[in-house]
Participant: 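Attaching a single structure in structure tokens format; questions to follow.
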Amino acid sequence: MATTNTETTPIQIFDTTLRDGEQSPGAAMSHEEKMQIAELLDEMGVDIIEAGFPISSPGDFRAVQEISKIVKRASVCGLSRAGFKDIDRAGEALKGAFRPRIHTFISTSPVHMKHKLNMGENAVLEAIGASVVRARNFTSEVEWSAEDATRTVPDFLCRCVDVAIQSGATVINVPDTVGYSTPQEYFEIIKMLRERVPNADKVIFSTHVHNDLGLAVANSLAGVLAGARQVECTINGIGERAGNAALEEIVMALKVRKDIMPFHTGINTTMLNRASKLVSNVTGFPVQYNKAIVGKNAFSHESGIHQDGMLKNVETYEIMRPEDVGVHATSLMLGKLSGRHAFKDKLESMGYVLEAEAFEDAFKRFKDLADKKKHVFDEDIAALVDDEIIRGHDSISIKALRVESGTGITPVASLTLDAAGTVKSVTVSGDGPVDAIFMAIREAYPHTATLQLFQISAVTEGTDAQAQVSVRLEENGRTVTGKASDTDTMVAAAYAYVNALNKLLVKREKREPEPMSGAKEAVAK
């Protein structure tokens, strides 16, 4: 499958973090968080941003609508099933987009047509034609997807693609919906479609590969080598089940291995690490330490042989520079004597540009942290700034917290909470210090939300490292994730829980209904 062509061909990056990525169980994002991610994706150079599935809920419709207004460069895409109501809703949401795209799909595999759609081949072909024509009424950019394409009978898949092209589709997506395919097999499917379908040269073929067998990135690259010129992916590879192809891995593989893959993307790779951290913070999904490109250990070397080689020449064990993906080689830079100017320069070098009020809040938290820690690392600064951004202007806040715990002592938490100006102090015991804190918060601010996840990780090494805590709450089918960092793990836990409550409060006020029945499950492409 390798090629010796020396020319470089552009590959469009289609990011579906806000749509497919949000389908990860527990990865629901607030409206504000979606806006923040969309702006970063646009700035980073993503070609197409799939902002949501407009008909699934008023929240998704609003997200697509608002993202359409703020994105300045990328195409904004809305997903829809083959039904006219879905397509019309997507078209309405995308009205303000600079480059709107409707992405419509229908299942084509025998198992899906029989058990999911209860439709025969002719009915599916008619639906394809009608849906693409309907979508063209709203925009000239129409993408059509064959859900479960890799388990579809080849002859029928060719007929489906032919109908989509004849009806006006400009992009043909070939999803490996259940992560079933292998690189050679996926290569052959794309190659077959490009060779057998009339006018295949008039459209762009796209990959959309799930990671159930750990082959999403490999399959996506195989599709590119076979002629696909668009790759659908997500930050950190988040998505349903085992996730999607990871954007950062796709982009860096194409950048590093131009010798056998003569392609390029428009992604500013120095922003990859920042994007990874933002999505991790928003979703509460930690990035595994050995994750390629953006993992904590991706550029770490502990083996003596490796360290010796690195000292002699970095190319002995590194195929790319940390700076290429936004990881800074020098991490110990600031301390308690550092001033505002140095702090601002550090933030800018890390890709953060804060407005005056946010900067002052972040600087105050940095000073507080510098008083507690001997060394302040880049990771510490990123954690406190991301924490500040995520927490924003919460209506519920902690004014005081004291926790007593130890051997032979019943853990007790004394808490003072301010909820929209109403201040209440409580003292509550629990099975452990965290349990006592959470029960105290519940008593100070009564609610019916249940705890779905409590997770702690260290931002850096050492006993004075900041603890980063994620808390997931669920109430009436709505799920939110709160996150906070502090050198005191108990304080971080309290802040994370309150952060989740604030997000839940926002959802309550909006009274945002749950997705329409069948809408979310239908987009498992």
Participant: Would you please test His208 and Asp176 for side-chain contact (heavy atoms from CB on, under 4.5 Å) and show each step?
Facilitator: CA-CA 6 Å; His208 181 112; Asp176 185 19; over 6 Å; no
Participant: Side chains of Asp148 and Thr177: any donor to acceptor distance under 3.5 Å?
Facilitator: no
Participant: Does atom CZ of Arg402 have more than 12 heavy-atom neighbours, drawn from other residues, nucleotides or ligands, at distances under 6.0 Å?
Facilitator: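 Counting neighbours around CZ of Arg402, 12 or fewer heavy atoms of other residues, nucleotides or ligands fall under 6.0 Å, so no.
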Participant: Do Ser276 and Asn236 get their side chains close enough for a donor-acceptor pair, meaning under 3.5 Å?
Facilitator: yes
Participant: Please report the shortest heavy-atom distance between Val469 and Thr489, naming the atom on each side.
Facilitator: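 That closest heavy-atom pairing would be CG2-O, 4.2 Å.
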Participant: If you look at every heavy atom in Gly430 and Asp435, which pair is closest and at what distance?
Facilitator: CA-OD2, 3.4 Å
Participant: Regarding Lys291 and Glu248, does a basic nitrogen lie under 4.0 Å from an acidic carboxylate oxygen?
Facilitator: yes
Participant: How about NZ on Lys367, more than 12 heavy atoms from neighbouring residues, nucleotides or ligands closer than 6.0 Å, or not?
Facilitator: yes
Participant: Check whether the side chains of Glu474 and Thr479 place a donor and an acceptor atom closer than 3.5 Å, and report yes or no.
Facilitator: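 Short answer, no.
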Participant: Go through Val224 and Phe263 one step at a time and tell me if the side-chain contact (heavy atoms from CB on, under 4.5 Å) criterion holds.
Facilitator: CA-CA 9 Å; Val224 169; Phe263 309 101; 3.6 Å; yes
Participant: Donor-acceptor pair, Arg73 side chain versus Gly45 backbone, under 3.5 Å?
Facilitator: yes
Participant: With no hydrogens and no angle check, is any side-chain donor or acceptor of Asp488 less than 3.5 Å from a backbone partner on Ala492?
Facilitator: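 Judged by distance alone, no pair lies under 3.5 Å.
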Participant: Show the numbers, then the answer: is there a salt bridge (charged side-chain N to carboxylate O under 4.0 Å, His left out) between Glu50 and Arg101?
Facilitator: CA-CA 9 Å; Glu50 189 164 52; Arg101 175 183 294 192; over 6 Å; no
Participant: Are Phe438 and Phe454 an aromatic pair by the rule of ring centers under 6.0 Å?
Facilitator: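 Yes, ring centres under 6.0 Å apart.
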Participant: Using only atom types and a distance under 3.5 Å, with no angle test, would you say the side chain of Thr16 pairs donor to acceptor with the backbone of Asp20?
Facilitator: yes
Participant: Which heavy atom of Pro54 sits nearest to which heavy atom of Leu79, and what is that distance?
Facilitator: CD-O, 3.3 Å
Participant: Is atom CG of Asp371 surrounded by more than 12 heavy atoms (other residues, nucleotides or ligands) closer than 6.0 Å?
Facilitator: yes
Participant: Would you name the heavy atoms of Tyr495 and Ala484 that are closest together and state the gap between them?
Facilitator: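 Taking Tyr495 first and Ala484 second, the nearest heavy atoms are CB-CB, 3.4 Å.
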Participant: Just by modelled atom types, is the Ile13 backbone N or O under 3.5 Å from a matching donor or acceptor in the Asp47 side chain?
Facilitator: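 Side chain of Asp47 to backbone of Ile13: a pair is present.
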Participant: Do Phe359 and Phe343 have their ring centres less than 6.0 Å from each other?
Facilitator: yes
Participant: Considering non-hydrogen atoms only, spot the tightest contact between Ile48 and Gln12 and give its length.
Facilitator: CD1-OE1, 3.4 Å
Participant: Nearest 0.5 Å, what's the CG-CD1 distance between Leu41 and Ile37?
Facilitator: 7.0 Å
Participant: Determine whether the side chains of Glu66 and His31 contain a donor N or O and an acceptor N or O closer than 3.5 Å.
Facilitator: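 Not at all, the side chains of Glu66 and His31 share no donor-acceptor pair under 3.5 Å.
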Participant: If I compare all heavy atoms of Ala246 with all of Cys233, which pair ends up nearest, and what's the gap?
Facilitator: C-CB, 4.2 Å
Participant: Does any donor atom in the side chain of Ser206 or Gln230 lie under 3.5 Å from an acceptor atom in the other side chain?
Facilitator: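 Their side chains do contain a donor-acceptor pair, which is all the 3.5 Å distance test asks for.
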Participant: Step by step, work out the side chain to side chain donor-acceptor pair (under 3.5 Å) result for Gln452 and Thr450.
Facilitator: CA-CA 6 Å; Gln452 301 291 312; Thr450 57; 3.0 Å; yes
Participant: Any side-chain donor paired with an acceptor under 3.5 Å for Ser145 and Glu147?
Facilitator: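 Distance-only check fails for Ser145 and Glu147.
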Participant: Do Gln65 and Ser68 pair up side chain to side chain, a donor and an acceptor below 3.5 Å, judged on atom types alone?
Facilitator: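 There is no such pair (donor and acceptor under 3.5 Å, judged by atom type) between the side chains of Gln65 and Ser68.
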Participant: Is Asn244 reaching over with its side chain to a backbone N or O of Ile238, donor-acceptor style, under 3.5 angstrom?
Facilitator: yes
Participant: Are there more than 12 heavy atoms of other residues, nucleotides or ligands under 6.0 Å from atom NZ of Lys372?
Facilitator: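 Count over threshold, so yes.
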